[in-house]
Structures are given as C-alpha cells and as structure tokens.
Chemist: 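Supplied in structure tokens, the structure appears directly below.
FYI, side chains are in, hydrogens and waters are out, and symmetry mates aren't considered; it's all heavy atoms of this structure. The sequence lines fix the lettering, A, B, ..., with proteins before strands; numbering per chain opens at 1.
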Amino acid sequence: MRTLNFKEALNEALHQEMTSDSRVIVLGEDVARMGGDFGVTMGLLDKFGRDRVRDTPLSEAAIIGAANGAAFCGLRPVAEIMFADFITECYDQLVNNSAKARYMFNGQVMAPIVVRTSSGAGFRAAYHHSQNIEAWFLNIPGLTIVAPSTPHDAKGLLIGAIRDDNPVIFLEHKMLYGTTGEVPEEPYALPIGVAEVKRPGTDVTIVASMKQLHYALAAAERLASEEEISCEVIDLRTLKPFDKATILSSVKKTGRVVLVNEAPKTGSINAEIAAVIMEEAFRDLSAPVERVNSLDVPVGFAPVLEDYVIPGPADITMAVRKVIDY
Amino acid sequence: MRTLNFKEALNEALHQEMTSDSRVIVLGEDVARMGGDFGVTMGLLDKFGRDRVRDTPLSEAAIIGAANGAAFCGLRPVAEIMFADFITECYDQLVNNSAKARYMFNGQVMAPIVVRTSSGAGFRAAYHHSQNIEAWFLNIPGLTIVAPSTPHDAKGLLIGAIRDDNPVIFLEHKMLYGTTGEVPEEPYALPIGVAEVKRPGTDVTIVASMKQLHYALAAAERLASEEEISCEVIDLRTLKPFDKATILSSVKKTGRVVLVNEAPKTGSINAEIAAVIMEEAFRDLSAPVERVNSLDVPVGFAPVLEDYVIPGPADITMAVRKVIDY
Amino acid sequence: MAADKQTLLDYYRKMVLIRRFEETMEEHAKKGYIPGFLHLGIGQEAAQVGTMATFAPGDYVLPDHRSHGVCLMVGTPTREVMAEIFGKKTGTNGGRGGSMHVADFKRGNVGNNAIQGSTMATACGLALAAQVKKTKAVTFNFIGDGTVGRGEFHESLNLAGIWKLPIVYVLVNNGYAISTRATDAHPLADLAKMGCAYNVPGITVDGNDVEAVHAAAKEATDRARRGEGATIIELKTYRWQGHFSGDPASYRPEEEVKTWKEKCPIRRLRDTLLQRKLADMAALKAIENDVEREIQDALKFSIDSPAPTIEDALTFVYVGREVTGK
Amino acid sequence: MAADKQTLLDYYRKMVLIRRFEETMEEHAKKGYIPGFLHLGIGQEAAQVGTMATFAPGDYVLPDHRSHGVCLMVGTPTREVMAEIFGKKTGTNGGRGGSMHVADFKRGNVGNNAIQGSTMATACGLALAAQVKKTKAVTFNFIGDGTVGRGEFHESLNLAGIWKLPIVYVLVNNGYAISTRATDAHPLADLAKMGCAYNVPGITVDGNDVEAVHAAAKEATDRARRGEGATIIELKTYRWQGHFSGDPASYRPEEEVKTWKEKCPIRRLRDTLLQRKLADMAALKAIENDVEREIQDALKFSIDSPAPTIEDALTFVYVGREVTGK
Ligand SMILES: Cc1ncc(C[n+]2csc(CCOP(=O)(O)OP(=O)(O)O)c2C)c(N)n1
Ligand SMILES: Cc1ncc(C[n+]2csc(CCOP(=O)(O)OP(=O)(O)O)c2C)c(N)n1
Ligand SMILES: [Mg+2]
Ligand SMILES: [Mg+2]
C-alpha cells in the first residue's frame, strides 16, 4: 500500500471531505494562502476557493465562534488553532458555547465543528508551544477529543471527526507530522470512541496515545525481547470519551496496568482512566495502576529540561517493571 | 465568639489585609462602587480609595492581566471574576501567564495574585452561572486552588491566599455566602495545602469541600445515628495541591473512601485523588474508592434538572454503603 | 419618512406586549414562580421593537440577557417564551435554558449565551454561513454597553470589517453595566463611533424613539443585505429596573431614574399616535386589552405546564452518544 | 529637531549590534546550535532602537517575539541575551526561556509571552502599578500588526483609555503576520488609527527612519510620563527574513522584499551620518568593529557556557512548595 506521512494523510482527508461534502469549510490563521503553519491545509484554497477556505486574523475566539455559528447553520467547519497552547484564547467558546449548545438549546441545534490543533512537546519551543491540553477539557461534558498516532489513523479519524455531529477537538502531536505509514487512498472514517489494541500481550496493559504510543510500543518490544514481559499496548485514539470496554477487557486479562500520557501527572487523563479501572476492575488488579506522565512542571526551553520532564521509553519500561514486581 | 456569615468573613479579611498591607489592591467588575455582585468587597472603595479599589470594564482578560502585571511590580492584587464560569475568558492569562511566570523567567518574578470567584451550582442560574471549575486548572503546574467551606476558613484562607506568594484561584461557593459561623475578629492566616479532619471516624473516609462538605457532614451524621457507620470527614480546603498526607493517614485507618466533588464526574479532582490513593495506599484499600460527583452533563435551568444532576447527601450515603458492602 | 399608521400601531402593540410581559415576569419572580436571574427590559421596548421590525424570515438574531422582548419579536408564541422562563417543558428550550437562553432556531433566534460578548464570536459564523451559502440572511447581534469591554467585541468587529459580514450590531446603551457607568467603562460617549477602528459605520440614535430606531436599523439591515457589511447601531436608552429583578440598584441616582421614566418609549409612541391622529384612546385601549389576553393566556399556560423530568437531564449532551444517569 | 551627532552614532552602533546579533543567531541556528523557533528582527532595527531610546531606568518593556533587539536595548549584556537564546545556564533566564521569553526584570524587561496579545493585558498591570505606587514609570508594549487581531488589544486599549494608563504601544507593522497580510487582517491601512475607538492617540511613522521613530516615541513617552495616558505608535517596516529562521516565506513577492531591502534602516542612517558629515567611513567602520568584538565575545560565551541541569527543571514552579522529580 501507498505510504504517506502524517501531515499528508491529514491533508488528503481534508481534500477528500471538502470534495464530497460542500458543507465542509476550513478556517484559521494562515490556513489558506500558506496552507497552514505545518502544511496540513495545503492546496485547499486553490481547489475550493476563498469562500470555503479562509485565512483569519489572529483572533482565536472569533475563529471558534465563527466555526460554531457556521455549524449552527448547517456547515461543517474545520478550524485550525495553530498551537494547542493558544486554545486558551478560545477556551470560552469551546467550553461554554460549542460543548453546551446542543444541551442548552434542547437539541434544536448541533455544533459539528472540528478544531484541529498541534499539541505536545519535543519541538524545543518552550512554555507556549509544547503543552498537552486534553486534560483542560476533560471535565467538560459535550466535548469529544480525538488523538491519532499514525498516518492511517490520522486520515481515518479526521474524516470520522468531520462526519461526527459533535464538537471535536482533534489533536495532532507536532512530533508526528513527519512520521510515515501506509494510508489507503480512498476516504474512510474510523469510529470515534474506539481504541485499538496495537500489540497483544498477557502480562501488562499499557494504555497510550499520540507520540507516547510509539514509546509504549518501543518499550513493549524491548521488554518482550530482553525481559520476556508480554505487554498489551492499547492506542486510545479517542481521549474523551475513552473506550472503557477495550481497556477493561485487557485489564481483566493482565491485572497490571501502565497508563502513559505526555501531560503533567496531576490531573491528566491518566487520573480518570486510573479511577475508572479501580472502580470497574478492582478485583482484577494485581498491582496499583502506574501512571507515566510529565513531571508537574512547565516545559522549559533548554533541551535538557524538556527531555527530563517529558516521559520517554525508559520511564515506561520502569513503570512496567514496577507493576510486575509489585 | 462572634458570628459572621461567609460573605462578611471574606469582607473582613479584605478590609484587614488592605489595612495592614498597602500592596494589596482590589480590582474587578462592580467591586468598587457596588461592593461586588455578592457584596464581598463592600466598603473597600470608601476606605481605601480609587487607586487601590478599581471597577473595571467587562474585560476579564484585562483584569487578570492587570493583576499579573501589578503583581510583577510588587503589589498583591485581589481580582474578582464575578462568576467562575467567566474564568474561561481569562483562562489564557491564568494558564500561560500567572502559572508560568515564575518558572519561565527563572525565578526573577512572582505572581502573587488572588483570583476570587463565585463557583458552584444551586442558584438556578443554568449553564453559565453554575460550574465548578477547579478541574479545568488541575493539570496546570504553578497554580494553587483554595476552596473554603465555612466562614472561619473563608477568612483565614483568604488571608492565607493573599499572603501566599503564588497565584491562587480562590473559590467561593455561591450557596455558602449566607451561611454563618464563628469567626475571630483579629486577622489570621490559615495554611495553604492543609486539609482538616472535620469529623473523626473509623469506618469510611469521606473527602469533600465547599458546599459538598456540609452534605458530607450531614450524611456522616445520619449514617452514625441510623446505621452505626463511623465516617471520618475531611475538608480539603486546598484543592491544588491537595493534602495527600491527611487523606492517606485516614485511608490507612479506614480502608474505605468516598470522594465528593460537585463537578461532573469525568475528569474532576476526584479522579486525581482516587489515582493517588490507589498509588500510595493500594494495600490499605478494602474497597475501590467511590466517587460522588455531578452527572456528566451541563447544569440545566429547571430546578428538577439541577437537583438531579448535582450530588446531594443521599448520594453520599449511598456511596458510603457501597464501600461498606463491597 | 414617517411610518404609516398600521406600522405604528403594530409597534405599539409589540411594545405594550413586551412591557406587560416583563411586568408579569417580575411579578411572578417576586412570587417565587421563576427560578434564577431575571434581567428585565422595561424601558427598552422601543430599542427592541424598532430594530426587530427589520428582521426578516431567514435572518438570525442573537439576543442578549435582557432580551425577552427580542425573543418575542421573531414570532415565537408568547406562551413558549414565557414557559421557558418558568422552566417548563413546554418552553422553547423545554425548560432547560430559562430567561438567559431562550432560543428558537427555526425562527432564527439562535439564543443567548450568558457569557457576555460570546455571541459576538458566534455572530461571525452565522454571517459567514450566509456568505458561503449565498443567502441574504442578516445577523442581528444584541449587546449592551458593558459588553463592549470584552475582547470578542474587537475580534468580531475586525472580522466583520475585513470580510464585510452581514451583521447588524445592536448596541443597547442603557448607561450601565450592572453598577458600572458606560462613561466609566469606555472612553467614548457614543459607542457606535468605536466602529471607526474597523471601518464599520456607527449610528447613534435615541433608543426610546421607535421610529428613529427603526430608521437606523433599516439603514443597517439594508446595507448588510446589499453585501456592504456590518453596521453598529447604538440605541441610547435606560433600564427602569435594577440589573436583575431584586437588585435595588442603589448605585444610581433616583433623579436619573425619574428623568428616564418620563422619557418612556411607550408613552412617547402613544403621544405620537394621538397627536398624529392615527389612533384614539379607545383604539389603544383595545390593543392593550388584546395584549392582556395574550399575556394571561401565556401565564396560565406557563403555570399549568409540567416541569421537565429527570430523564430530560440526560438527553442532548452528545449526538449519538448516551450519558448515564444515577 | 534633528538628533545630535552622539545620539545618531549611538543609534548606529545599536542598530548594527542588533543586525549582527540577528545574523549571528541565524547562522548558528542553521548550524544547529540553537533549539526551537527563532524570529529575527533584521530590517526592523530602527523601530527597535528609535523607540527604546526613550526608555528610562524604572520603565518597563514587554518585548514581542521578534525582539532580541529590544532585549539588548535595556542594558542587558549581549552575552546574557545570546546565551539565553542558546539555552544556556548563563542566559537571562538560565536557559529556561529561550528566544521567545528573554526577560531581565531588574532592568525593566518583563519578558515576552509567546501567546500573541497576552502581554497587552500584562501591560495594564505594569501601568496600574505605576499609578498606585505613584512612580513615573512608562510601559513599552511591543506588538505586531497581526497581534492587533487579538481580543486583548481591545481590552488593553479600552482600559488604557479610561484609566489614562502610562503605556506606549509600539505597533511594529511589518506588513505580515506569518503569511497573512496586514491589509487582509484589518480594515484600516494605518493601524495606529484604531486608537480612535479608545480616545488613544495614534501616530504612524516610517519605521525605518530612526529619527522619526524616536520623535514619535518621545512624544508618546512624554505624554505617558506627564500622566496623560497611552499612545499607539505604529512603525511601518518590514522583516527581511521569513517569519522564523527557516521559513522560506514564499507567500510574499520577491520584488517586495527587494524594495524593502533597499530601504534598509541601517544604510539609511549611515547615509544620513555621511551626508550630514557627522561621521566618515572610518568612524563607522570602527563602530562596526567594536560591535563585532562584542558579538564574538557573546558568541564564545554562549557556546562555552554550560546547559542547565535536570535539577533546574524542578525549581521555581512554586514559591515555597517543592516539586518532586523522577
Ligand atoms: C464574560 C462575562 N462577564 C461578566 C458577566 C456578568 N454580567 C452579566 S450582565 C453584566 C453587565 C452587562 O452590561 P451591558 O452589556 O451594558 O448590558 P445590560 O445589563 O445593561 O443590559 C455583567 C457584568 C457575564 N455574564 N459575562
Ligand atoms: C494567540 C496566538 N496565536 C497565534 C500565534 C502564532 N503566531 C506567532 S507569531 C504570529 C504572527 C504575528 O504577527 P505580528 O503580530 O504581525 O508579528 P510579526 O511576526 O510580524 O513580527 C502568529 C500567528 C501565537 N503565538 N499566539
Ligand atoms: Mg448596559
Ligand atoms: Mg507583522
């Protein structure tokens, strides 16, 4: 099968959905003439014109507000917030408007917007270009958060998100844009809310997503070959609502769990997953659930700081050993 | 001892701190001429004048930005965000500026601001005047969240927050403003990060805060008298960073835990507390930690909706029975 | 060009309807029938009626928190607006929204958002959709003088300026944002002039003169309809009651209230009708009686209607994803 | 009034210093010495030098992301600014901030915040503190034409307008926000005119004419110092490089770049100096050599300096509260 990188896969998803569904529009800073800061929206302006592909001023609240309003009128806006860290500037629109519109107005309306944004650390870009933001929205009913880890899933989940009738925050880990993989040419939608077992195993369940998923797979590989520990690795793919069933059935089998997420530990989505596992699989657990996260500090500039703070494969390996040795 | 209500206790704290420390200033919407939407800043303008007590335009980002900037210059701003739901509009200032300033600038500066805001449900004021917001900030290193449940603590914690050198979000549950209790006249600061055992007990640990603390106490009372279940009730008082030691030492004793928080269940602070308890007291647990929260829906207008969605004493009682019967 | 008899009598009926509606709401709020906050538009009827007289089917309106009258103007039955404010299942939002969130999408009322300024971002999207879908829809965005302080005011007007969005900004300047005088919150006395920053024309008119209001609204609406972009119309008026029903409004001089009551927009229109001999007292009385029947019918309907049930709390959180109850 | 010889020679030295600083940064970024984003101010030296010539001890400056030059102007040793950009422990922020967050509080550089527009809110607080503490401090707030789109632009200017805050808004209009033309992002060609909405005067000048820049800055600074409030000075200029080092900037015509390079602010000042016979080539060359020594010294210092260590990742998260590492 043909190989694309993550960015190209996303770009293809947008081209295909805009072609097949005239309700899809794209807006954001530098998405039109430049094709996006990371190039994800390249070629859309030429193909679909200024009405449907719009460069906006540097106005995040207006971008998401405009997406909401257009969605209320039946369009399917895909908005880009250049870096996830800037979503703070349209937090109100997402929390108090997109998330609640359908409920507040008693089902009279839907807000099927997709907010694409580049998240995560590793770019050496410090405090305001490195954050993982999913936990900021975890306590907001009405929102959906999708986070692919491969080019294949990037395409399928973006199409799935665009077709979904709910407001979706779509996280693109910036260190994954250049990663490559097989991607079918035809359009396909992957289901929202469904995790995938990336590697079956019997001793320990590792739950991860985005860049950390790859670290988890690398750690699992090493643990299998060097220490004969068999890890089952689950790619969450949707962070909210996450796929309890897949996680719980794995935990039933392994009884030991390592949760991996790139955000600071306190209050990350790992906390919620851990709490749910305890509630629903307490008797299955042979050890407390281990959480692998960033340290509880901001992401500094100097590489040594970032590298120390952000979890890597070694942290995952250590956590696996810890739940095994418990 | 003299009795004050919660609002009066806060007001006294502000009067006393502004008197003893000329660096303390107050700003926000309607805080000066009107004395605050809930009356907490009454009398400050007359006593301390327009320079130190300022009505602002309806500009939440500017309010918090101004607080940050003034704090950088050595002042101790106490900003009011009228309803916690509006903190979405200054989320960036808190997350990317207040929380990170000290770290980002390598300790050159502090941001000792206090952001007072009325939070919580029960006011029949629907989606945008009812939310519990602590979880929105839980994953942000650098922030501190304080949440009193009695007039005594309201005064002492507000003074403690003003004297603290970190940015503090200070939650005032709007249904508590009218509640009364004994409050010493002299100024006193309660420590940040320290919980209080409100009621000792041996069978089950209940951890709660703000309005729910009172429900927890009521439930504990009933369970003691009617079912001979002895609950230890802990008032968190500081939600971030929360007092692990007090919780863990209680869990060691009881082995059974019910966490109570008014926010929706998914991703509330209860998730983090549950995860920590599992990590640090797994072998002490006789039952999985139970979480009592709002349902995972927004807070609707009609009283029946709000009352169903928000947890009450009966939900706590049920949860206690559940961990006992496990 | 003076309006014709039929038009003026129609305005009269509508203004009396709004007045009586609001008075009835206030009365029943005091009696305890109405939960939550109630922001009354008494005194502002000309601003609401004169503007909405230019609203056409297919247009959108974003009312503000003082806009029960605006909600009535799109053709939603008075019963349904009132029942919503009572929190009843027969209301526009099934009782889930209440006074601050009345919406009727099929008639173009996109609902208020109780975060001031938030609708200004939404307005961009409604107007954008009109451009993309090539309809002639105009978006009416009601805001108050206080709301001018919010960042979205700027982001919205800037976008409207460059994209020539078909928006009529209806800036109801009643002189206060809660206790804060407009003149203390903004440097210009005529807020419509703020359009200067965005190349958006501004018109300031006497908001108690329904004919003048209509003329300004018509100019703005026609401009938008012709594709020439947005206009701010500023309507100088006054709210007779406190900020919300129950607010003693001691922050404003009694003399000021008295002066403005003398400028009552309804009395003014009545005088016009009588002076121009377009109606006699009997004709006006007949209208008032007719309105009274409508109000009493709506009131009985609202009181008699059932409240929502707890099942209603669980619907419309997501499209296609269930939420579990207790 | 033309500036005197010493002043102009001083400008010349500073502009050459900034130019060579930026060129050196670019070169070392390409060689892989510098992590992260690097936004270069080449072409904008007159705007930075002319403005900062009015900066006095005790004043505050909020540089923007293209402001290495501004950071140099407050008197911070070139070594320390450069070492920070290299992410070294000897940098202004101990290597924790990098290019986008260089701060030197004791000299009044309050640091940039990489969320565009965020500093505009902070500026209000710095200026407010000056009022409360009754100092004569002026706050210089650097922003770009793109940043004008943000809501904080409005909230800040509105507050500055009513409170007469001593702020000089330095609006560096280089025609682009990344790929987006200023003329596509804002309705007015002269952005300083946007002050009209806030009763804040605006001055637009040729940003490549250091004398004109200084004259405008002086007028603005004097006004602020006299307590008469804020001014916007808009400096029309151009950035020669792409948005960040490495951006090919294919979104702008080569012809345009060429035209602007011909308007080089340094060449222009050199011509002035020569024409007015204030210096000969030898004198200028001597200055350039002197600058070169400073640059090479700083470079060696930056390269030789140690990186921070992992212990540094754990300090300054909170005042008085420890954070645990791995
Ligand atoms: C973002 C936000 N901040 C504050 C409030 C609280 N609040 C509600 S109405 C109001 C005043 C609004 O004044 P104005 O816009 O003039 O409207 P008016 O009440 O005079 O009709 C305020 C401050 C809010 N609802 N949203
Ligand atoms: C809130 C926010 N949105 C977007 C960005 C990404 N971004 C960084 S610089 C920039 C353009 C800024 O343009 P301008 O203000 O004109 O400054 P210039 O780069 O031209 O100096 C953008 C969009 C950001 N840093 N913050
Ligand atoms: Mg008003
Ligand atoms: Mg620019």
Chemist: Mind checking the CG-CD spacing from B:L58 to D:E155? Nearest 0.5 Å is all I need.
Modeler: 8.5 Å
Chemist: Which members of residues 104-112 of chain B, sorted by number, sit under 4.5 angstrom from chain D on a heavy-atom basis?
Modeler: B:M104, B:F105, B:N106, B:G107, B:Q108, B:V109, B:M110
Chemist: Heavy-atom cut-off 4.5 Å, strictly under: side chain, backbone, both or neither for B:L27 against chain D?
Modeler: side chain
Chemist: Answer with side chain, backbone, both or neither: which region of B:T56 has an atom nearer than 4.5 Å to a non-hydrogen atom of chain D?
Modeler: both
Chemist: What option among D:L62, D:D104, D:T92 has the most heavy-atom pairs under 4.5 Å with chain B?
Modeler: D:D104
Chemist: Do B:R50 and D:Q131 have side-chain atoms, one donor and one acceptor, less than 3.5 Å apart?
Modeler: no
Chemist: Can a cation-pi geometry be assigned to D:R96 and B:Y103, taking NZ or CZ under 6.0 Å from the six-membered ring centre and within 45° of the ring axis?
Modeler: yes
Chemist: Output the distance between atom NE2 (D:H154) and atom OG (B:S59), rounded to the nearest 0.5 Å.
Modeler: 6.5 Å
Chemist: Verify side chain to side chain contact (heavy atoms under 4.5 Å, CB included) between D:L159 and B:I63, making sure each step is shown before the conclusion.
Modeler: CA-CA 9 Å; D:L159 204 62; B:I63 292 170; over 6 Å; no
Chemist: Assess the side chains of B:N97 and D:T122: does a donor N or O sit below 3.5 Å from an acceptor N or O?
Modeler: yes
Chemist: Heavy-atom cut-off 4.5 Å, strictly under: side chain, backbone, both or neither for D:T139 against chain B?
Modeler: neither
Chemist: If we ignore hydrogens and angles and just use 3.5 Å, is the side chain of D:K133 paired with the main-chain N or O of B:C73 as donor and acceptor?
Modeler: yes
Chemist: What part of D:N109 lies closer than 4.5 angstrom to a heavy atom of chain B: side chain, backbone, both or neither?
Modeler: neither
Chemist: Tell me, side chain or backbone of B:E60 under 4.5 Å from chain D's heavy atoms, or both, or neither?
Modeler: backbone
Chemist: Any idea which heavy atoms bring D:A121 and B:Q93 closest together, and the distance?
Modeler: CB-NE2, 3.3 Å
Chemist: Given that the side chain runs from C-beta out, which part of D:A313 has a heavy atom under 4.5 Å from chain B: side chain, backbone, both or neither?
Modeler: both
Chemist: Given a strict heavy-atom distance threshold of 4.5 Å, which part of D:I162 is in contact with chain B: side chain, backbone, both, or neither?
Modeler: side chain
Chemist: If you count heavy-atom pairs under 4.5 Å with chain B, which of D:V110, D:N158, D:V102 comes out on top?
Modeler: D:V110
Chemist: Taking all non-hydrogen atoms of both residues, which atom of B:A66 and which atom of D:L128 are closest, and how far apart?
Modeler: CB-CD2, 4.4 Å
Chemist: Out of D:C124, D:A103, D:G320, which one racks up the most heavy-atom pairs below 4.5 Å with chain B?
Modeler: D:A103
Chemist: Check the pair B:D164 / D:R321 against salt bridge (Lys or Arg N to Asp or Glu O under 4.0 Å), numbers first and verdict last.
Modeler: CA-CA 11 Å; B:D164 194 273; D:R321 291 198 254 295; 3.3 Å; yes
Chemist: Measuring heavy-atom distances to chain D, does B:N96 have an atom under 4.5 Å in its side chain, in its backbone, in both, or in neither?
Modeler: both
Chemist: Which of the residues B:T144, B:I64, B:I25 is involved in the greatest number of heavy-atom pairs with chain D at under 4.5 angstrom?
Modeler: B:T144
Chemist: Under 4.5 Å from any heavy atom of chain B, what part of D:L126 do you find: side chain, backbone, both or neither?
Modeler: both
Chemist: What are the two closest non-hydrogen atoms of B:I140 and D:Y318, and how far apart are they?
Modeler: O-OH, 4.5 Å
Chemist: Tell me which of these, B:R54, B:E89, B:R23, has more heavy-atom pairs under 4.5 Å with chain D than the rest.
Modeler: B:R54
Chemist: Is the NZ atom of D:K326 crowded by more than 12 outside heavy atoms at less than 6.0 Å?
Modeler: yes
Chemist: Of all of B:A61, B:G69, B:P57, which one pairs up most often with chain D through heavy atoms under 4.5 Å apart?
Modeler: B:G69
Chemist: Counting only heavy atoms closer than 4.5 Å, note whether B:P241 contacts chain D via side chain, backbone, both or neither.
Modeler: side chain
